[in-house]
2 protein chains.
Amino acid sequence: MPTPARTSTQAIITAGRMILAREGLDGLTMEKVAAAAGVRAPSLYKRVSGRPELVRLVAGDVVAEVAADLASAASSGDPASDLRAMAYTLRSLAARDPHGFGLLFQPLPAHSAPDPATYAAAVGPLLRVTGELAGPDHALAAARTVTAWASGFLRMELAGGFQLGEDVADAFAYGITLLTEAIAREGGKSASGAGPIRA
Amino acid sequence: MPTPARTSTQAIITAGRMILAREGLDGLTMEKVAAAAGVRAPSLYKRVSGRPELVRLVAGDVVAEVAADLASAASSGDPASDLRAMAYTLRSLAARDPHGFGLLFQPLPAHSAPDPATYAAAVGPLLRVTGELAGPDHALAAARTVTAWASGFLRMELAGGFQLGEDVADAFAYGITLLTEAIAREGGKSASGAGPIRA
DNA sequence: ACCTGAACACCGTTCAAGT
DNA sequence: ACCTGAACACCGTTCAAGT
């Protein structure tokens, strides 16, 4: 006898985001997510294969949000401004949802890691900007440098690192300025397709 | 009736490092650590308050190892060479013990986080080098930039990021070169106490 | 078809009892 | 003093039974 569904994968993901934001990854239990979605834990197994896949879906949802925010942040027309705007967008996201953002940069087991294609969409605007700054030959290496710095910085900030005093916001500004100028200089010294800073 | 101790806190830490290296943080259970130390799980509670403190002690052991390796890597006399050597030392450590190294850059709950003083020792040589390169006013911000980049890069590499092709080792070399040159330039353009690159 | 209570395995933790 | 088996709470997962 068919019965109507009382929840959906999307509702489960939304419930998962809420629990994650409030209680962190350890608090993201099947029981709590099920309760937030209005069912019992065993019912979740009709939509997801288990907790690893639930984590994967929730992480994918975070990545998609980051990708959308990054894309709309990188629209000033000036690549140096765009790069700075993207960095500060990430910092805002991290401050607004530390647990959700932290999930992005966590070494997740294979079954919990979002699809590489999901990440690729988020990186698109960054690659465009580093390409304009450093030239096509260095676009990927420069993007990796910026991504590594930003993710490391924000994760350390969220984890309560940076205990040696001085203003953390100043260190963030120092870092993004240093990187932007260095990458732009990299583009300037190579003849290969690097335009002026204003693309 | 007193009985001789059958294990020790140090033996528990050593056992923890071994289990962590082999099975990762999730595999670091009280049961397995106890077995590796030659006792039963409840006995561990004579030496550690619970799993959070066990994780804290194991993480502190990793930090101490990193501090020692960094200190001996930064001894060439040339700050630019030292900075590069420290970066590659971290990359070697990450490759040799991915799970142990990964623990360093994980957002650990408060009761599992090693003492800030433990980290301070590891950062000492780095601060000296960035001070020589960028001058005292920018030593800390520069050190934070390098630390953020290195930790972010290595964690992404360990997590299987960098899926877009091209050589990851090249991106690492690009990053450390870019940062070293940019930080040295920062020192050169300020008059405040920055010596020549050769200190 | 979908949902649930009951049951099981696993792990952290406590504690009374052993030596 | 230190160690242990037994017990409990919690969580992921399975499954037979309900609708």
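If you're wondering where the values come from, they're calculated on a predicted model, not measured in any experiment. Protein chains get the first letters and strands the later ones, always in sequence-line order, with residue 1 at the start of each. Only heavy atoms go into these numbers, but all of them, side chains included; no hydrogens, no water, no symmetry mates.
The salt bridge (charged side-chain N to carboxylate O under 4.0 Å, His left out) search around A/Glu23 returns A/Lys32, not counting sequence neighbours. In this structure, B/Arg56 has no side-chain hydrogen bond (donor to acceptor under 3.5 Å, both in side chains) partners at least two apart in sequence or on a different chain. When the side chain to side chain contact (heavy atoms under 4.5 Å, CB included) test is applied to A/Thr7, the partners found at least two apart in sequence or on another chain are A/Ala11, A/Ile12, A/Ala37, A/Val39, A/Arg47. Partners of B/Thr177 according to the side-chain hydrogen bond (donor to acceptor under 3.5 Å, both in side chains) rule, which considers only residues two or more places apart in sequence or in another chain, are B/Arg84. Here B/Ala139 pairs with B/Thr130 under the side chain to side chain contact (heavy atoms under 4.5 Å, CB included) rule; sequence neighbours left out. Residues satisfying the side chain to side chain contact (heavy atoms under 4.5 Å, CB included) test with A/Val123, not counting sequence neighbours, are A/Leu127, B/Leu164.
Applying the salt bridge (Lys or Arg N to Asp or Glu O under 4.0 Å) rule to pairs touching residues 94-121 of chain B yields B/Arg17-B/Asp97, B/Glu65-B/Arg96, sequence neighbours excluded. Residues in residues 157-168 of chain B take part in these side-chain hydrogen bond (donor to acceptor under 3.5 Å, both in side chains) pairs, two or more places apart or across chains: B/Arg91-B/Glu157.
The CG atom of B/Leu28 lies 12.5 Å from the CZ atom of B/Arg22; values are rounded to the nearest 0.5 Å.
Nearest to the side chain of A/Val39, among D/dT13, D/dA1, C/dT4, sits C/dT4. Taking the side chain of B/Thr3 as heavy atoms from C-beta on, and the options D/dT4, C/dT19, D/dT13, the nearest nucleotide is C/dT19. Of the candidates C/dC15, C/dC2, C/dG5, C/dC15 carries the atom nearest the B/Pro42 side chain, counting heavy atoms from C-beta on. For A/Lys46, whose side chain is taken as the heavy atoms from C-beta onward, the closest listed nucleotide among D/dT13, D/dC2, C/dC3 is C/dC3. The side chain of B/Tyr45 lies closest to C/dT13, out of C/dT13, D/dC2, C/dC2.
Residues B/Gly50 and A/Arg47 both approach DNA chain C. Their nearest nucleotides, taken by heavy-atom distance, put A/Arg47 toward the 5′ side.
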Distances for protein N/O vs nucleotides 8-11 of chain D N/O pairs under 3.5 angstrom?
none

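Within residues 6-18 of chain A, no residue is approached by DNA chain D to less than 4.0 Å at the level of any non-hydrogen atom.
Stretches of at least 3 consecutive Watson-Crick or G-U wobble pairs, with each checked distance under 3.5 Å, appear in DNA chain C as C:4-8 with D:12-16, C:12-16 with D:4-8.
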Can you give the donor-acceptor pairs under 3.5 Å from side chains of residues 140-148 of chain A to other protein atoms, not counting sequence neighbours?
{"from": "A/Arg144", "atom 1": "NH1", "to": "B/Gly165", "atom 2": "O", "distance (Å)": "3.1"}
{"from": "A/Arg144", "atom 1": "NH2", "to": "B/Gly165", "atom 2": "O", "distance (Å)": "2.7"}
{"from": "A/Thr145", "atom 1": "OG1", "to": "A/Ala141", "atom 2": "O", "distance (Å)": "2.9"}
{"from": "A/Thr147", "atom 1": "OG1", "to": "A/Ala143", "atom 2": "O", "distance (Å)": "2.7"}

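Protein atom CZ of A/Arg40 is 15 Å distant from nucleotide atom C1' of D/dG18, rounded to whole Å.
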Quiz prompt | B/Thr89 and B/Asp69: CA distance, side-chain angles, deciding distance, side chain to side chain donor-acceptor pair (under 3.5 Å) verdict | solution = CA-CA 7 Å; B/Thr89 295; B/Asp69 283 19; over 6 Å; no

